[in-house]
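For reference, the structure discussed in these notes is given below.
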Amino acid sequence: MSEFRAFSAPGKALLAGGYLVLDPKYDALVVGLSARMHALAYPYDLLEKLDKFEVRVRSRQFKDGEWSYQVSPESGFIPVSVSGSKNPFIEKVIANVFNYFKPNMDDYCSRNLFVIDIFSDDAYHSQEDSVTRHYGSRNLSFHSHRIEEVPKTGLGSSAGLVTVLTTALASFFVPNLTDNVEGYRKVIHNLSQVAHCQAQGKIGSGFDVAAAAYGSIRYRRFPPKLISDLPDIGNVNYPDKLTHLVDEVDWNITIESNCLPSGLALWMGDIKSGSETVKLVQKVKKWYDSHLPESLEVYTELDHANSRFMDELSKLDRLHNSHDHYSGQIFEAIKKMTLVARSIRKSQTRCFRKITEESGADIEPPVQTKLLDDCQTLEGVLTCLIPGAGGYDAIVVIATQDADLKTQTAGDKRFSNVQWLDVCQADWGVRKEEEPETYFKK
Ligand SMILES: Nc1ncnc2c1ncn2[C@@H]1O[C@H](COP(=O)(O)OP(=O)(O)OP(=O)(O)O)[C@@H](O)[C@H]1O
Ligand SMILES: C[C@@](O)(CCOP(=O)(O)O)CC(=O)O
């Protein structure tokens, strides 16, 4: 195989199931976004050292955005940095993809250098201190800071990176993957979950990786033990245990396509301040354990509201697919959905406010409740919510397709902290991008 090829994976917004989804008992709804992470894989190249592989990952939109690692079968494919700088997500992808495919040095003796360029769409990061450059047929932001220093908008950049990099790197070992991503989606997903979990310190539910791999879905997590039980990378048993986990083990996971009905639009507003998910999760866990059995009742109420929300969206989606979009029945269904969505939001707000007050984790602080209430007054809005872990990061508004929130909120002081991101729902997961040459700098 000697062709250039490109892949991309979507960002995410968790619309229902925050915190609960950390427990394999509860479902969550996550939508894939139009903002995507891209990987351009170059043809094989030759590295002078014939007893090693080298993976060179370049992310040129960020200062010092280049990471090179060498691996060899003798050392259990433990990546060794040769560029001096480290990126834990890239490192774990390399370790797992190599341990899974176990390439033989002899088969790759003149093809042992793998070069991959990463591009991320603008909505993932704050655009301050950046310049726009034409890159191929795209406009991309180039930042004057290193990746870790650029503020994120919370769209799941690490999950997108891990998933698209896993796909691109795997395409060196399985030539037919490029034209058959669908056939390898499960392997890509499972390997990406392992790598992301290891890089992140095993704290997340994996909903962001699942959305990067599959797009908009109803998601129920795998038992965390599946990954924590793996031996350390480098252990002689690691390759076999990993392969068994990826190919044979039943992950007991739910991944079902569940997207927003096509007549509705998702708006995502970035708020000019942020929250730290890890700290929020720690506080909520502590609250949950110390407030049983009452905390279980709160989770049960939340879960009930979340399930109703997902079911109503699915119902509306089915109706949309079987009717003319302007039929009276659709208008009636949207009107009904608006009422149902508002009662669901009331219930969610009551629960999140209670958790906020009792745990000290600002999941839905009063200013955010007020902002959501203000959004609710805008024309065409069905419902609004605080995505993911909540806090001060972002809001999501679900509106009819003709509602223009940018125009409605322009100059309105109530929304002065909100920056509407240029994203919409795009419910497909990782995929091949046609015309990889459109990524080349002219
Ligand atoms: N374009 C990129 N190039 C290289 N590394 C990246 C890129 N995007 C993300 N990363 C890696 O992912 C890290 C950010 O991951 P983190 O999980 O903190 O953010 P996130 O996934 O965007 O979070 P959230 O779930 O809140 O959206 C970066 O510090 C970097 O290591
Ligand atoms: C709190 C949690 O349930 C959601 C976090 O979502 P986000 O990263 O804030 O989009 C954690 C998780 O599921 O990984």
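Both backbone and side-chain heavy atoms feed into the values below; hydrogens, waters and symmetry mates do not. Atoms within each ligand, like the ligands themselves, are counted from 1 in listed order.
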My understanding is that we take every heavy atom of each candidate and find the minimum distance to atom 28 (C) of ligand 1. Doing that for Ile147, Asp208, Asp393, which one comes out nearest?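 Nearest option to atom 28 (C) of ligand 1, by heavy atoms: Ile147.
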
Atom CD of residue position Glu437 - does it have more than 12 heavy atoms of other residues, nucleotides or ligands inside 6.0 Å? yes

Is ligand 1 under 4.0 Å from a heavy atom in the side chain of Ser158, in the backbone, in both, or in neither? both

Could you tell me, atom by atom, which parts of ligand 2 come under 4.0 Å of a heavy atom of [X]?
X: Gly18; value: 3 (O)
X: Ala389; value: 1 (C), 4 (C), 5 (C), 6 (O), 7 (P), 9 (O)
X: Gly204; value: 14 (O)
X: Tyr19; value: 1 (C), 2 (C), 3 (O)
X: Val21; value: 3 (O), 13 (O)

For Phe173, which of Tyr44, Phe98, Tyr100 qualifies under ring-ring contact (aromatic ring centres under 6.0 Å, His included)? Phe98

Specify side chain, backbone, both or neither for Val281, according to which of its non-hydrogen atoms lie closer than 4.0 Å to ligand 2.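 Side chain only.
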
Heavy-atom pairs closer than 4.0 Å: do any link ligand 2 to the side chain of Asp208, the backbone, both, or neither? neither

Per-atom contacts, ligand 1 versus [X] - under 4.0 Å to a heavy atom:
X: Leu155; value: 27 (O)
X: Leu161; value: 5 (N), 6 (C), 10 (N), 11 (C)
X: Phe62; value: 1 (N)
X: Trp67; value: 4 (C)

Between Phe309 and Arg345, is there a cation-pi geometry (under 6.0 Å to ring centre, at most 45° from the normal)? no

How far is atom 13 (C) of ligand 1 from its nearest protein heavy atom, and which residue and atom is that?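 The closest one turns out to be Phe89 CE1, 3.7 Å.
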
Check: Phe142 ring centroid to Tyr135 ring centroid under 6.0 Å: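 Distance test on ring centres: under 6.0 Å, yes.
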
Using non-hydrogen atoms of the residue, decide whether Lys12 is closer than 4.0 angstrom to ligand 2. yes

Any heavy atom of Pro387 sitting closer than 4.0 Å to ligand 2? no

Would you say Tyr124 contacts ligand 1, with heavy atoms under 4.0 Å as the rule? no

Would Asn87 count as a polar contact of ligand 1, with the cut-off being nitrogen or oxygen pairs under 3.5 Å? yes

